[in-house]
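Below is one structure, written out as structure tokens, with a few remarks after it.
No experiment lies behind these values; they were computed from the predicted model shown. Just the heavy atoms: all of them, side chains too, but no hydrogens, waters or symmetry mates, feed the values below.
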Amino acid sequence: MKSKSVLHRWLQSLQAAKFNWILPLIGLMGLSGIAFFWQLGYSGLVDETEPLFAEAARQMLVTGDWITPYYNETTRFDKPPLIYWLMAVTYQIVGVNSWGVRLPSAIAASALTSLSFYTLWRYVQARENFQQRFLSDPELHEQTNQRRSDQSRLFHPLPWMGAALIALSPQMIAWGRVGVSDMLLTSCLGSALLAFFLGYLESDPQGSQGYPDKNLIALKTLRRCHISSFWYLLFYWLIALAILTKGPIGLVLPGLIVGSFIVYVGSWRQVWQEMNPILGLGFITFMTLPWYILVTLANGKAFLNTFFGYHNFQRFTQVVNHHSAPWYFYFIVVLLACAPNSIYLPVALLHTKFWQRRGWSRQPRWQQLKLFALVWFLGTFSFFTISVTKLPSYIIPLIPACAILIALFWSETILQVDGASRRGSGKVPRVLSSSQKALTILLKASLILNIIFLLLLAFASFYTVNWLGNDPDMPDFSRALGQSGFVIKAGLTWLLTAGIITVLIWQRRISWILPINLLGFLICFGVTVVPTYNLLDQQRQLPLREISQTVLAQRQPQEKLIAVGFNKPSLVFYTQNPVSYYEYPADAIAAFRSAEFQASIPKLKPETFLLVAYPQDFEKLGLKPDQYQVLGRASVYQLARVLWTVW
């Protein structure tokens, strides 16, 4: 009878939990839908990187070779195969198009946003349970507070602020809508680190809710030889996916962050027993090693030297593809990656009081989320700052850490200040104690910098057209952008946002500043960024798609396709044919006039080839108007059929 009562209560709680999660799930779907899925496949692929991934995935479907990636009839060992596998799967669902290319990135970004929301919800849950257990009589408040807490936690502002800061980060939106491996890696790494913390929280000997859990203590001995939490197992699984997405960095970076954190708080012995890393590494090896063995057997040293030597070791120790930058490069990138709320990141970092190591080591595990986010941020930032090759996309994995730090600072400090101000005599109370004046000053400076930063964004928006250079691939873009009015809308949006925040500071309602920043960015994204991106696609990428359609309509069987003067991988993807690229007309002439090529001309069938080039390059190639047949034009590109014998 007692067991039936327990089962009945458990079923009731499960049913209530499912109902309570409906609205949050709808909210998260709406947030991710706007940030990552809205008009995702409306525009074509963006040269140069995106079509490389798209074509390599398409080749897997065409050739049936799911081990060795190929692009344009050559192997492509830049990245492991997971992103290609996922794209190939989505091709089979939605077709070989922009949606199929970008859907894995959008789903990965949404998953990371949702898991971040859940982690912050668990943090709120642990904090409230801790307060109910130690700050009140548990017998008196257990029944009256439990139902209210379960429902209110899902609508607590902290998880929503954290999720919004991640989803509405400029860099998350940019890479979550592009079909490359960066967002998939970010999602795997970020989700792995969040899974670690959830496992760390769940395996707390004092209880995941901040007070002793007798069941956990009783099971401690049984778990010594096993992984103590599902979340730890998920941590290892996500690391394996990260390794299959971009290589050794998928293990090195989370290992560095987690190792530094547990050593700093002094819990590494206990966590070692809980996680059982030997078993975890075995699981990771079991998942990742087969592909590395198969691709090595198929390609030998070509794979080892290119993937491990060039794309991993050499990128970290040397400048690759001219991607060098000064030491302060990532300071600027982080400022823009989380703009405009990145202004509050310095004060959020200082708010952690990371120097109080003894105090942190004594805190319950749920309270260490702030410190863990700090280690996550500093570990990622330092690692890629040391790396010699630098790209803006490298530090996307630290964006969830930035969002968590800012959201916790906003929840634990600014909300209290705002509430105390409204309850008081109208004077803004001191944010912190007298021993922490630096933090107070930094917060006030951040509020002023917030307004200045928004004004700079408005100024930059108004003058964007004047600063744009002349791109030969889209000579009419500056004029079209100026006539569209998009930049004017962006400038007015930022001016209005700055004005509202000024009024909020004057009225001492600073808790509304971060949401207003996000709202301003969301409006700018909708009325300016997306339309400008579509205009850019029409000016830069649409002509290549049009010329590709002409190639498909005019190409004879086995007729070769040659491009001179540019290297646009999207031409390979949209024509679904290999393309011979020559950067300069002189390179093409030298290749065509070589003795080896001249000797092969009589054997070439058919006797013509298709040439895509700028009209002026036809003259540079030495071609006269009667030596080729123009088949089509699209903006700055011209397609013609040429006889091999003209050279």
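Within the structure, the side chain to side chain donor-acceptor pair (under 3.5 Å) test picks out the following pairs touching residues 605-618 (sequence neighbours left out): D473-Y614, E559-T608. Applying the salt bridge (charged side-chain N to carboxylate O under 4.0 Å, His left out) test to every pair with at least one member in residues 89-102, sequence neighbours left out, gives these pairs: E50-R102.
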Validation: residues 570-591 side-chain donor-acceptor distances under 3.5 Å, sequence neighbours left out:
unit_1: S570; atom_1: OG; unit_2: D47; atom_2: OD1; d: 3.3
unit_1: S570; atom_1: OG; unit_2: D47; atom_2: OD2; d: 2.6
unit_1: Y574; atom_1: OH; unit_2: L45; atom_2: N; d: 3.1
unit_1: T575; atom_1: OG1; unit_2: L571; atom_2: O; d: 2.5
unit_1: T575; atom_1: OG1; unit_2: N577; atom_2: N; d: 3.4
unit_1: N577; atom_1: OD1; unit_2: R555; atom_2: NH1; d: 3.2
unit_1: N577; atom_1: OD1; unit_2: R555; atom_2: NH2; d: 3.4
unit_1: N577; atom_1: ND2; unit_2: T575; atom_2: O; d: 2.7
unit_1: Y581; atom_1: OH; unit_2: K568; atom_2: O; d: 2.5

Listing, residues 488-499 side-chain donor-acceptor contacts under 3.5 Å, not counting sequence neighbours, or none:
unit_1: T493; atom_1: OG1; unit_2: K489; atom_2: O; d: 2.7
unit_1: T497; atom_1: OG1; unit_2: T493; atom_2: O; d: 2.8

Please list every donor-acceptor pair under 3.5 Å in which a side-chain atom of residues 30-41 meets a protein atom from a residue at least two apart or in another chain.
unit_1: S32; atom_1: OG; unit_2: L28; atom_2: O; d: 3.2
unit_1: Q39; atom_1: OE1; unit_2: N534; atom_2: ND2; d: 2.9

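A heavy-atom distance below 4.5 Å is found between the side chains of F566 and V612. Contact check for F486 versus L481: side-chain heavy atoms found under the 4.5 Å cut-off. By the 4.5 Å heavy-atom criterion applied to side chains, P543 and V636 are not counted as neighbours. Counting only heavy atoms from C-beta outward, the side chains of L611 and Y628 never approach each other to under 4.5 Å.
Under the 3.5 Å distance criterion, the side-chain polar atoms of W66 are left unmatched by any main-chain donor or acceptor of W85. Listed for the N341 side chain is no donor-acceptor partner under 3.5 Å among the backbone atoms of C338.
Counted by atom type alone, S393 and D182 present one or more donor-acceptor pairs between their side chains at under 3.5 Å.
In this structure P615 satisfies the side chain to side chain contact (heavy atoms under 4.5 Å, CB included) test together with Q638, sequence neighbours excluded.
Around the CD atom of Q558, the shell of radius 6.0 Å holds no more than 12 heavy atoms that belong to other residues, nucleotides or ligands. The 12-atom threshold is exceeded at CD of Q483, counting heavy atoms of other residues, nucleotides or ligands nearer than 6.0 Å.
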